[in-house]
Amino acid sequence: PLNVSVNCTEASHRCSIWWQPPRTSHVKRSSCFKYEIVIENKADAEKNTKTTSKTVTIIENNSYLYESFSSEKRYSVKIRATDAGFCLVSPNWGEWSTPVEFGTQQLTSTSPYMLFLIPGLSAGLALFLCMTVRAYLKKTSATVPQPRDPFHDSSPIDFQTEYMNLLKKQETEEIIDIEEVMECK
């Protein structure tokens, strides 16, 4: 069976289940098939319910009205088909349809995980962005030197040594000048 659909109403405690007949190359009538439908009441981890209950029914049309629906439980439905006895279809049961889950228990069992998952992901993303921006600013901003205090900081130049070097230089220049003058005479 194809396209299994479920529509439930809480007020009437009923679910309408319908589907399309299997595709075959030679059968065009939906009355050629009979169906086995299995509805499972799924186990509930929050209430420590470990057992499941099954409803198995064989029907000859492509819809079913499930009348034991409780909105607080989670259900699963799957369907398979075989020949109804007069259409030259295999008498063996076919493959099960993809299970379709319904009921609100499915939503409440995943919500506690979402309460931790969404804030956790948000905090991780915010931390990642902060670290990235910090690294970018550290890399792109130039270091600004601190201003020097001319009255209290020692000068990087030793004025006494510089003065002595200047005097030696002047003496050397005077000696060279005197020698030049002497040579010229």
Side-chain angles (χ1 to χ4, degrees), residues 1-25 27 30 32-82 89-90 92-149 152-153:
L2 305 169
N3 299 330
V4 177
S5 300
V6 180
N7 184 18
C8 300
T9 56
E10 188 175 354
S12 64
H13 299 286
R14 294 181 181 171
C15 294
S16 299
I17 304 169
W18 63 95
W19 56 92
Q20 293 176 348
R23 290 190 184 140
T24 61
S25 59
V27 175
S30 62
C32 287
F33 297 101
K34 66 180 175 181
Y35 302 95
E36 180 178 19
I37 182 168
V38 174
I39 300 171
E40 277 186 290
N41 179 0
K42 302 295 252 176
D44 186 358
E46 290 178 0
K47 295 180 182 176
N48 290 331
T49 307
K50 300 207 186 289
T51 59
T52 61
S53 61
K54 285 185 180 181
T55 303
V56 179
T57 307
I58 296 179
I59 55 175
E60 293 188 8
N61 55 6
N62 61 338
S63 65
Y64 178 72
L65 186 61
Y66 180 63
E67 298 189 21
S68 300
F69 173 69
S70 171
S71 63
E72 297 174 1
K73 296 180 181 178
R74 187 174 75 169
Y75 300 89
S76 174
V77 61
K78 60 184 180 179
I79 304 166
R80 65 181 179 172
T82 189
V89 179
S90 171
N92 298 328
W93 285 102
E95 296 290 321
W96 287 105
S97 66
T98 303
V100 175
E101 293 189 358
F102 60 98
T104 57
Q105 188 63 32
Q106 178 182 3
L107 297 175
T108 58
S109 65
T110 58
S111 62
Y113 298 117
M114 289 300 176
L115 289 175
F116 293 109
L117 182 66
I118 291 173
L121 287 175
S122 299
L125 180 62
L127 182 64
F128 173 75
L129 288 174
C130 287
M131 298 300 283
T132 304
V133 168
R134 182 175 179 213
Y136 174 76
L137 290 175
K138 188 175 185 180
K139 189 181 286 187
T140 59
S141 63
T143 57
V144 178
Q146 292 295 322
R148 206 169 52 89
D149 184 4
H152 295 97
D153 288 347

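Just so it is clear, the structure is predicted and the values come from calculations on it, not from any experiment.
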| task | Begin from the C-alpha positions of I17 and I39 and carry the test side-chain contact (heavy atoms from CB on, under 4.5 Å) through to its verdict. | result | CA-CA 10 Å; I17 304 169; I39 300 171; 3.7 Å; yes

| Derivation of the side-chain contact (heavy atoms from CB on, under 4.5 Å) call for W19 and I37 | CA-CA 11 Å; W19 56 92; I37 182 168; 4.2 Å; yes

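A distance of 7.5 Å separates SG of C15 from OH of Y75, quoted to the nearest 0.5 Å. Note that OG1 of T57 and OH of Y35 are 15.0 Å apart. Values are rounded to the nearest 0.5 Å. To the nearest 0.5 angstrom, R74 atom CZ is 10.0 Å from E40 atom CD. Within the model, atoms OG1 of T82 and CZ of F33 stand 9.0 Å from one another, a figure rounded to the nearest 0.5 Å. Of the inter-residue distances, the one linking K34 atom NZ with I59 atom CD1 reads 12.0 Å to the nearest 0.5 angstrom. For the atom pair CD1 of I79 and OG of S97, the computed distance is 5.0 Å after rounding to the nearest 0.5 Å.
Remark: S5 engages W18 in a side chain to side chain contact (heavy atoms under 4.5 Å, CB included) (not counting sequence neighbours). With sequence neighbours excluded, the residues that form a side chain to side chain contact (heavy atoms under 4.5 Å, CB included) with E67 are R14, L65. In this structure, the side-chain hydrogen bond (donor to acceptor under 3.5 Å, both in side chains) partners of N3, at least two apart in sequence or on a different chain, are Q20. Here Y64 pairs with nothing under the ring-ring contact (aromatic ring centres under 6.0 Å, His included) rule; sequence neighbours left out. With sequence neighbours excluded, the residues satisfying side-chain hydrogen bond (donor to acceptor under 3.5 Å, both in side chains) with T9 are S12. Every residue meeting the side chain to side chain contact (heavy atoms under 4.5 Å, CB included) condition with L129, not counting sequence neighbours, appears here in chain and number order: L125.
Scanning all heavy atoms of the two residues, the minimum distance from P1 to E95 falls at CD-O, 4.4 Å.
No side-chain donor-acceptor contact under 3.5 Å links H13 to the backbone of S68.
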